Structure formats: C-alpha cells, structure tokens
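The structure appears right after this line, and notes come after that.
This is a predicted model, so every value here is computed, not measured.
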Amino acid sequence: PGSTSGDSSPRRSVRLTERAADLSAALDTLLADPHFAPFIDPSQIASVGFSLGGSTVLKLAGAAYERDAYKAYCAAQPENDAGCLFLAKGGVDLNHLPDSWEQPVSDTRITATIAIDPGWTHAVTADSAGARAQRDGDRRRVRAGARDHVGASAASGVVRVHAPAHGGAGAHGLSSR
C-alpha cells in the first residue's frame, strides 16, 4: 500500500521491510489455500519485481541497504536519478531512512529472485549480496540496456534485468553473466 503506481507515497515506499513482509504473507496465504497449494511446488518458488518491486524482492532475498551510501549517491547526482528525485519531492529526509533498510530480510522459501530495473541498488551492502551468493550457489545475472546499476548487489548472483530509463529508446542488448 502506498507504493505502487497510482498510489505512490515516497514516505511509504522506503519501507522495504514492510513490503517484503507483505510478499511473505501473500505466499503464506497461497501455500495454505487448498485451491492454490496443490499447484505450487515449494522447491520452485520465485519472486519477481520491477523498479521498487525489484528492490523489494532483493530485500526479500536478503539484501540490506546502506542508508549513508544511498544518501551520498543522491547527493552526488540529485538531478539525474528518478529515485532520488521521487524521494526528495515527497519530502523524504535521507538522514532518517528506516533502520530496517540496513537489516537483511530473507524468506528461505524463495528459491529464485528476478529483479527488473531495481531501484536503490547503489546502496546494497556487499556483505548482504555475498551472503545470498554463498547460500544459494551459482545463479545467472541478466542485464538489458546500456547501463548497469546493480552496485554491490552484482556479487549476489540474483537474476536482475536493467531496462533503459522509463520512456527510453529501448534495450541496447541483453547479457547473462
């Protein structure tokens, strides 16, 4: 709530831990539902998210975000990053991002994570990215577009797609590493 297109609030959008908990609660509901549960293989559960949803699924995969790193990133280019602009216009004080940003969250039922053009990856801590890679082993990294903004999360091995800026000219390529 408060963080989807048409219903977005910058102040609520930064509450990634709550968003991740919502996804886990939705999965709990699906796995307990007698109409859906028989069709779900619990060993093959993936999370997929785009933009802020991409940040959320990375959080659910164990990513921790460093508040000071994001603040420094936004200070270095306040006019060039849509995420920084969105938060600034919404009155979010980067000096007071939630403490939960720096705490990893993980739902071990999620066996694959696909984050498409995730936001805030400049602030993903190297430790949280490395912990996911060690726990889950080899994964593929997919990138579409001319730029790569995965920061420290590149070490995580989590599948990510970076699309060109919204309204851009289209993907300039697709690669898997």
Mind checking whether L27 and I40 have side chains closer than 4.5 Å, heavy atoms only? no
dist D22:CG -> T56:OG1 (nearest 0.5 Å) comes out at 9.0 Å
Between A115 and G54, what is the shortest heavy-atom contact and its length? CB-O, 3.6 Å
To the nearest 0.5 angstrom, please state how far the CZ atom of R15 sits from the OG atom of S100. 9.0 Å
If we only count heavy atoms from C-beta on, is the S106 to L60 side-chain gap below 4.5 Å? no
Close side-chain approach of L16 to L52, heavy-atom, < 4.5 Å: yes
So CG of L87 and OG of S13: to nearest 0.5 Å the spacing works out to 7.5 Å
Those residues that, when tested against N95, pass side chain to side chain contact (heavy atoms under 4.5 Å, CB included) (two or more places apart): K71, D93
Residue pairs meeting salt bridge (charged side-chain N to carboxylate O under 4.0 Å, His left out), one or both in residues 32-61, sequence neighbours left out, come to none
Between S47 and I110, which heavy-atom pair has the shortest distance, and what is it? OG-CG2, 3.5 Å
Got L31 and R109 here, is their nearest side-chain heavy-atom distance under 4.5 Å? yes
Could you tell me if the side chain of D99 sits less than 4.5 Å from the side chain of R67, heavy atoms only? yes
Measure from the side-chain N and O atoms of E102 to the backbone N and O of A64, and report whether any donor-acceptor pair falls under 3.5 Å. no
Any idea which heavy atoms bring T125 and S128 closest together, and the distance? OG1-OG, 2.8 Å
Do L97 and V92 have side-chain heavy atoms sitting under 4.5 Å apart? yes
Which heavy atom in P118 sits nearest to a heavy atom in S55, and how many Å separate them? CB-N, 3.8 Å
Enumerate the residue pairs fulfilling ring pair (Phe, Tyr, Trp, His ring centres under 6.0 Å) with a member in residues 88-107, sequence neighbours excluded, ordered by first and then second residue. Y65-W101, Y70-W101, W101-W120
Looking only at non-hydrogen atoms, find the nearest pair between P10 and G90 and report the distance. CG-CA, 3.4 Å
When rounded to the nearest 0.5 Å, the distance separating CG of L23 from CD of E18 is 12.5 Å
Between the side chains of D117 and S51, is a donor N or O closer than 3.5 angstrom to an acceptor N or O? no
Would you check if V57 and I114 make a side-chain contact, meaning some heavy-atom pair closer than 4.5 Å? no
Ignoring hydrogens, what is the shortest heavy-atom contact between A69 and A123? Give both atom names and the distance. CB-CA, 4.2 Å
